[in-house]
Structure formats: C-alpha cells, structure tokens
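None of these values were measured; they are calculated from a predicted model.
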Amino acid sequence: EVQLVESGGGLVQAGGSLRLSCAASGITFDNFVIGWFRQAPGKEREGVACISSDGATYYPWSAKGRFTGSSDAAKNTVYLHMNSLKPEDTAVYYCAAGSKALLGDLRKWWPASYDYWGQGTQVTVSS
C-alpha cells in the first residue's frame, strides 16, 4: 500500500519559515517524482515544487526564490522549505507521487498527472 504522509504545517507569522516533510512508503523512490501542491479555499490546487529522487528540483515561476525542495532518499522523505512566507501562502499543502516521465514537460504541474496523494497539512500565515 502506497502512503504519503505530510507533516510540518502550522501557524507562522508573515516573513517566517516552515519546513514541510513528505514521508513515502510502499513505493520505490527512485521510480517516482514527488510534487508539492497547495490549495487555498476557493482556489484550484497548484503546484509549487517538483522533486526527483536524484535531487533535481523544479519550480513554477510563482514559487521561485522562496520555496526550496530537497530529498533524503535513504529516508524516502522529501522536504519543502518555505521562506519569507506571506499570508497568501496560506493553504493546505499536499505531496503527491507520480511517474518520472512527468519531469520532461508541463504535466509535472498538473494535479491529475499524479498517482498518489497525501492527506495534506495546513499552513496558515498570519499578517
């Protein structure tokens, strides 16, 4: 059974930082990529980072500079480091596992491209 478990969310003041974790089990990390997505109330789910098992990271333009992804293959865990947080970063953050083939094109930013999802972790940024 594939499981993705996010942790590390919480309440933080604007300008602060958080590190989210995504622990994966039931999948061979080398064969997947992990996408980080977020969904704010009333908005569509959007991708904020994509991380491969070899440490390569990809970001959409909207997340560049403040969000950094990393991975620890030995722990089958992927991280999302978020700095200079803003109130508009408030959302439920999800990690998802998908095929490595997603790395090659824009499908890496489409939620429907991913096969497995975690339950999400709430990030709230106060002003």
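Cluster membership for Tyr79 and Met82, using ILVMFWY side-chain heavy atoms within less than 4.5 angstrom, is not shared. Both Tyr114 and Tyr94 are members of a single hydrophobic cluster when ILVMFWY side chains are connected at heavy-atom separations under 4.5 Å. Tyr116 and Leu102 fall into different hydrophobic clusters, where Ile, Leu, Val, Met, Phe, Trp and Tyr are joined by side-chain heavy atoms under 4.5 Å apart, directly or via other members. Each of Leu20 and Phe37 belongs to its own hydrophobic cluster when Ile, Leu, Val, Met, Phe, Trp and Tyr are linked at side-chain heavy-atom distances under 4.5 angstrom.
Note that the OG atom of Ser25 and the CG atom of Leu4 stand 7.5 Å from one another [nearest 0.5 Å]. Here CG of Asn76 is found 6.5 Å from CD1 of Ile27. Values are rounded to the nearest 0.5 Å.
Ala14 and Ser127 get closest at one heavy-atom pair: CB-CA, 4.3 Å. Taking both residues in full, the closest heavy atoms of Ala49 and Leu80 are given as CB-CD1, 3.9 Å, listed atom of the first, atom of the second, then distance. Between Thr90 and Val125, the shortest heavy-atom distance links the atoms OG1-N, 2.9 Å. Closest heavy-atom contact between Leu103 and Lys108: O-NZ, 3.2 Å. Here the shortest heavy-atom pairing between Leu11 and Ser126 reads CD1-CB, 4.3 Å. Closest approach of Val5 to Gln119, counting heavy atoms only: CA-OE1, 3.8 Å.
Judged purely by distance below 3.5 Å, without hydrogens or angles, the side chains of Asp72 and Thr77 never pair a donor atom with an acceptor atom. Side-chain atoms of Ser17 and His81 include no donor-acceptor pair closer than 3.5 Å. Between the side chains of Tyr93 and Arg38, at least one donor-acceptor pair of N or O atoms lies under 3.5 Å.
Both tests do not hold together for Arg45 against Trp110: distance to the six-membered ring centre under 6.0 Å, angle to the ring axis within 45°.
Every pair passing disulfide (SG to SG under 2.5 Å) that includes a residue from residues 64-127 is listed here, sequence neighbours excluded: Cys22-Cys95. Residue pairs meeting the ring-ring contact (aromatic ring centres under 6.0 Å, His included) criterion with at least one member in residues 51-77: none, sequence neighbours excluded.
Two residues are said to be in side-chain contact when any heavy atoms from C-beta on lie closer than 4.5 Å; Arg66 and Asp89 meet this criterion.
Using modelled atom types, no side-chain atom of Ser71 and backbone atom of Ala73 make a donor-acceptor pair closer than 3.5 Å. Judged purely by atom type and a 3.5 angstrom limit, Glu6 uses its side chain to pair as donor or acceptor with the backbone of Gly120. A donor-acceptor contact shorter than 3.5 Å is absent between the side chain of Arg107 and the backbone of Ser113.
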Query raised in the report: Does the side-chain contact (heavy atoms from CB on, under 4.5 Å) test come out yes or no for Val92 and Thr121, once each step is laid out?
Result: CA-CA 5 Å; Val92 178; Thr121 185; over 6 Å; no

Requested in this report: Give the intermediate values and the outcome of side-chain contact (heavy atoms from CB on, under 4.5 Å) for residues Thr124 and Val12.
Outcome: CA-CA 6 Å; Thr124 304; Val12 63; over 6 Å; no

Query raised in the report: Going through the checks in order, is the side-chain contact (heavy atoms from CB on, under 4.5 Å) test met by Ile51 and Trp36?
Result: CA-CA 8 Å; Ile51 303 154; Trp36 280 102; 3.7 Å; yes

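For Glu44, the CD atom is loosely surrounded, since the number of other residues' heavy atoms within 6.0 Å does not exceed 12.
Qualifying ring pair (Phe, Tyr, Trp, His ring centres under 6.0 Å) partners for Trp109, counting only residues two or more places apart in sequence or in other chains: none.
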